[in-house]
Amino acid sequence: QVQLVESGGGLVQAGGSLRLSCVASGRTFSSYTMAWFRQAPGKEREFVAGIIWSRDSTYYADSVKGRFTISRDGAKNTAYLQMNSLRPEDTAVYYCAVEQAGWGSQKPATYDYWGQGTQVTVSS
């Protein structure tokens with residue numbers, strides 16, 4: 001089992017920044033993907049950014065490219081999501097997730113473990 005704990009959400013004005021953290025504990029894998037998803041009220045959960053841990057390879061949804069950056073600290077088993085130039089449409093609950101296979105998928109169904117989520121609210 002893998003446990004994921006997110007932190008760093010909050011309320012910010014449009015144009016502001018936040019940094020989310022996701023700490024992983026428990027079982028480890030030789031290669032896996034850690035990703036951030038988000039879900040706004042009444043909408044489906046959508047991919048935001050991912051990192052293939054062993055290669056430090058990152059990928060992003062088009063809606064956040066150039067504004068969000070995913071990174072990792074291997075020693076701390078922690079992934080980060082730096083969010084800049086936030087917009088009201090970024091408002092959502094943000095979830096951290098782990099995909100054991102390390103495919104680098106953008107589909108929630110392929111992810112095996114999820115955190116509890118952290119709320120991000122961007123005011124206009």
Side-chain angles (χ1 to χ4, degrees):
Q1 290 293 323
V2 174
Q3 292 78 43
L4 302 172
V5 179
E6 305 101 330
S7 62
L11 173 64
V12 64
Q13 290 188 333
S17 299
L18 283 174
R19 189 177 82 154
L20 306 183
S21 300
C22 175
V23 180
S25 61
R27 185 180 175 187
T28 60
F29 310 98
S30 59
S31 179
Y32 60 94
T33 306
M34 187 174 282
W36 290 94
F37 290 78
R38 66 187 181 186
Q39 189 166 19
K43 295 189 176 181
E44 292 187 352
R45 192 166 297 190
E46 65 174 359
F47 170 79
V48 175
I51 184 165
I52 301 174
W53 204 262
S54 61
R55 303 202 300 262
D56 201 17
S57 175
T58 61
Y59 54 109
Y60 299 90
D62 288 343
S63 60
V64 306
K65 279 181 183 176
R67 299 189 298 124
F68 290 10
T69 302
I70 188 170
S71 62
R72 66 175 178 86
D73 183 332
K76 296 181 179 179
N77 285 332
T78 300
Y80 303 98
L81 185 68
Q82 178 66 44
M83 305 186 294
N84 299 328
S85 303
L86 282 161
R87 304 167 180 168
E89 54 264 39
D90 294 318
T91 295
V93 177
Y94 283 70
Y95 297 91
C96 175
V98 164
E99 176 197 55
Q100 291 181 195
W103 294 326
S105 170
Q106 297 187 21
K107 298 179 180 179
T110 68
Y111 284 76
D112 306 283
Y113 303 99
W114 292 85
Q116 81 288 351
T118 185
Q119 177 71 46
V120 172
T121 303
V122 184
S123 62
S124 57

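Throughout, residue positions are numbered sequentially from 1 according to the sequence presented.
Side-chain contact check for L86 versus F68: some heavy-atom pair is nearer than 4.5 Å. Taking 4.5 Å as the limit, every side-chain heavy atom of Q100 sits out of range of all side-chain heavy atoms of Y32. Contact check for V98 versus D112: no side-chain heavy atoms found under the 4.5 Å cut-off. Taking the side chain as every heavy atom from C-beta outward, R38 and V120 never approach each other to under 4.5 Å.
Across all non-hydrogen atoms, the minimal contact from A24 to L4 is CB-CD2, 3.6 Å. Closest approach of A79 and W53 over heavy atoms only: CB-CZ3, 4.1 Å. Shortest non-hydrogen contact noted between T91 and Q119 is CG2-NE2, 4.0 Å. Looking at every heavy atom in both residues, W36 comes nearest to I70 through CD1-CD1, 3.7 Å. In this structure, P88 and S124 approach most closely via the heavy-atom pair CG-CB, 3.8 Å.
Pairs passing the disulfide bond (SG atoms under 2.5 Å apart) check and including a residue from residues 53-93, sequence neighbours excluded, do not occur. Counting only residues at least two apart or in different chains, side-chain hydrogen bond (donor to acceptor under 3.5 Å, both in side chains) contacts with residues 8-24 comprise S17-N84. The disulfide bond (SG atoms under 2.5 Å apart) pairs that include a residue from residues 43-124 are C22-C96, where partners are two or more places apart or lie in different chains.
Taking the charged nitrogens against the carboxylate oxygens, D62 and K65 do have a contact shorter than 4.0 Å, which makes a salt bridge.
At distances below 3.5 Å, at least one donor-acceptor pair connects side-chain atoms of T78 with backbone N or O atoms of K76. A donor-acceptor pair under 3.5 Å is absent between the side-chain atoms of T121 and the main chain of L11, judged by distance alone. Checked by atom type and distance alone, the side chain of Y60 never pairs as donor or acceptor with a backbone atom of G66 at under 3.5 Å. Side-chain N or O atoms of Y94 include none that pairs as donor or acceptor with a backbone N or O of L20 at under 3.5 Å.
Under a hydrophobic-cluster definition in which Ile, Leu, Val, Met, Phe, Trp and Tyr are linked whenever side-chain heavy atoms come within less than 4.5 Å, directly or via other members, Y95 and M83 are assigned to different clusters.
Under the ring pair (Phe, Tyr, Trp, His ring centres under 6.0 Å) criterion, F37 pairs with F47, Y111, W114, sequence neighbours left out. Not a single ring pair (Phe, Tyr, Trp, His ring centres under 6.0 Å) links Y80 to another residue, sequence neighbours left out.
The CD atom of E99 sits 8.0 Å away from the CD1 atom of I52 when rounded to the nearest 0.5 Å. Distance CG/L81 to OG1/T69: 8.0 Å, rounded to 0.5 Å.
The closest side-chain donor-acceptor pair between E6 and T118, if any, does not fall under 3.5 angstrom. Using a 3.5 Å distance cut-off with no hydrogens or angles, the side chains of Q1 and Y113 do not pair a donor with an acceptor.
When hydrophobic residues (I, L, V, M, F, W, Y) are linked wherever their side-chain heavy atoms come within less than 4.5 Å, W103 remains an isolated member.
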